[in-house]
Amino acid sequence: MTKVDLRSDTVTHPSPEMREAIANAEIGDDVFNDDPSVNKLEEIAAAKIGKEASVFVASGTMGNLISVLSHCGRGDEIILGDKAHIFRSEAGGAAALGGVSYHTVRNDARGMLDPSEVEEAIRDSTNDHNPHTAVIAIENTQNNCGGRVLTPQDTKLIADVAHNHELPLHVDGARIFNAAVKLETPVDEMLKEADTVSFCLSKGLSCPVGSIVAGTHEFVEEARRWRKMVGGGMRQAGFLAAAGIVALDQMVDRLAEDHANAKKLAEGLSKIEGVTIDPDSVDTNLVFFEVKHPNKNELMKKLESEGIKGASPYSRWRFVTHYGVDSEDIDYVLEVMANAMAS
Ligand SMILES: *Cc1c(COP(=O)(O)O)cnc(C)c1O
């Protein structure tokens, strides 16, 4: 029996209020634009993040894909971090489906890009040798850099570079609400400089399925066409959108609990012999650490036999706190981990 599943915040189940909203959702056919719950979610989401319009999509991956496809034509280029989810973890979708190439610049330890490197990466489109740069993207929170948070000032630094070159800035904000809660800054303030945004309802906000893509009316109309083309027109999606409406109303502020639990987990892990982690580097709900153990698989199996699941991407370990994991669960994980490392 799994007692504590720390693999990801995507394992979250809907709250009782969400289940009730799902059961009672008013629905229609969203491809005809007449699902009232989807329409309401799209309105609420756009208003909340300070954009003109938004569209409900199946996943964060689809949200980023249709955003990039809306910004770029075949042969165009996206500039983004070398640790970006869009680059590393979305199966090369923009390249495969859109003929878009990825031009990476370095992410620093806290997930930020160097504005001058971004500027240098922008192509001179008057030279026929060059692909056209069509969009610049940042990620907030930056997953692979440890769920680190970029400030509105950070975002502005990159946005200024983009806008000086008449390029749009896309924010992969899968966990933008974690960033906003961490900085105690309204999410629309966090995204003020972003032209387009995608964020997940299905991670810390605990919805069963779904993401939002937002921007200008014109951009969202284009994104809707791409959503249809990649098979994301979901008909009676109001059942899913109903959970999203509850999430935006009720599940944002509680992310602070996940952050507190992550900090407690990081501090506890730092005291265990053989575990390397800097608790100060834990900004939000993602806890990455290194483990010195002769057999990592065996250690993972041992944890699983005690009902604890974690993930081990990219040679490091990752534990993610989320709705459904409480402070006592963290005590339990730390106890099992300490015993497993000592034996
Ligand atoms: C999870 C994630 C995505 C993709 O979301 P899915 O819903 O899993 O497709 C995109 N970007 C970032 C930064 C993520 O963490």
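When a ligand or atom number is given, it counts from 1 through the structure's own listing order. What you see is a predicted model, and the numbers here were worked out from it, not measured in a lab.
- Taking only nitrogen or oxygen atoms, main chain and side chain alike, Arg175 reaches within less than 3.5 Å of ligand 1.
- Looking from atom 11 (N) of ligand 1 to the surrounding protein, the closest heavy atom is Asp172 OD2, 2.7 Å.
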### Task
Report the C-alpha separation of His165 and Glu119 in whole Å, then their side-chain angles, then the decisive distance to 0.1 Å, and conclude whether the side chain to side chain donor-acceptor pair (under 3.5 Å) test is met.
CA-CA 9 Å; His165 292 265; Glu119 181 134 45; 2.5 Å; yes

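- For ligand 1, the atoms sitting less than 4.0 Å from at least one non-hydrogen atom of Asn64 are 10 (C), 11 (N), numbered in the order shown with element in parentheses.
- For the pair Cys200 and ligand 1, the shortest N or O to N or O distance does not fall below 3.5 Å.
- When only modelled atom types and interatomic distance are considered, Asn64 and Asp172 share a side-chain donor-acceptor pair under 3.5 Å.
- Applying the side chain to side chain donor-acceptor pair (under 3.5 Å) test to residues at least two apart or on different chains, the pairs with a partner in residues 36-55 are Glu42-Arg224.
- A salt bridge links Arg148 and Asp283; the closest N-O separation between the charged side-chain nitrogens and carboxylate oxygens is under 4.0 Å.
- Judged by the 6.0 Å distance and 45° axis criteria, Arg235 is positioned over the aromatic ring of Phe32.
- Here the heavy atom of the protein found nearest to atom 6 (P) of ligand 1 is Gly60 N, 3.4 Å.
- By the 3.5 Å distance cut-off applied to N or O atoms, Thr61 is counted among the residues near ligand 1.
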Under 3.5 Å donor-acceptor pairs involving side-chain atoms of residues 262-272, not counting sequence neighbours:
residue	atom	partner	partner atom	Å
Lys263	NZ	Pro279	O	3.1
Lys263	NZ	Val282	O	2.9
Lys264	NZ	Ser327	O	3.2
Lys264	NZ	Ser327	OG	2.6
Lys264	NZ	Asp331	OD1	3.0
Lys264	NZ	Asp331	OD2	3.4
Ser270	OG	Glu267	O	2.7

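- Numbered from 1 in the order shown, with element, the atoms of ligand 1 that lie under 4.0 Å from a heavy atom of Ser59 read 7 (O), 9 (O).
- No continuous path of ILVMFWY side-chain contacts below 4.5 Å connects Phe56 to Met62, so the two sit in separate hydrophobic clusters.
- Annotation for ligand 1: atoms under 4.0 Å from non-hydrogen atoms of Glu139 are 13 (C).
- Between Phe319 and Phe289, the two ring planes are perpendicular [angle over 60°; tilted spans 30° to 60°].
- Annotation: Asn143 places an N or O atom under 3.5 Å from an N or O atom of ligand 1; distance criterion only.
- Taking a cut-off of under 4.0 Å to the non-hydrogen atoms of Glu90, the atoms of ligand 1 that pass are 10 (C), 11 (N).
- Among Met62, His85, Lys203, the residue whose heavy atom lies closest to atom 1 (C) of ligand 1 is Lys203.
- Not one N or O of Thr10 is nearer than 3.5 Å to an N or O of ligand 1, by distance alone.
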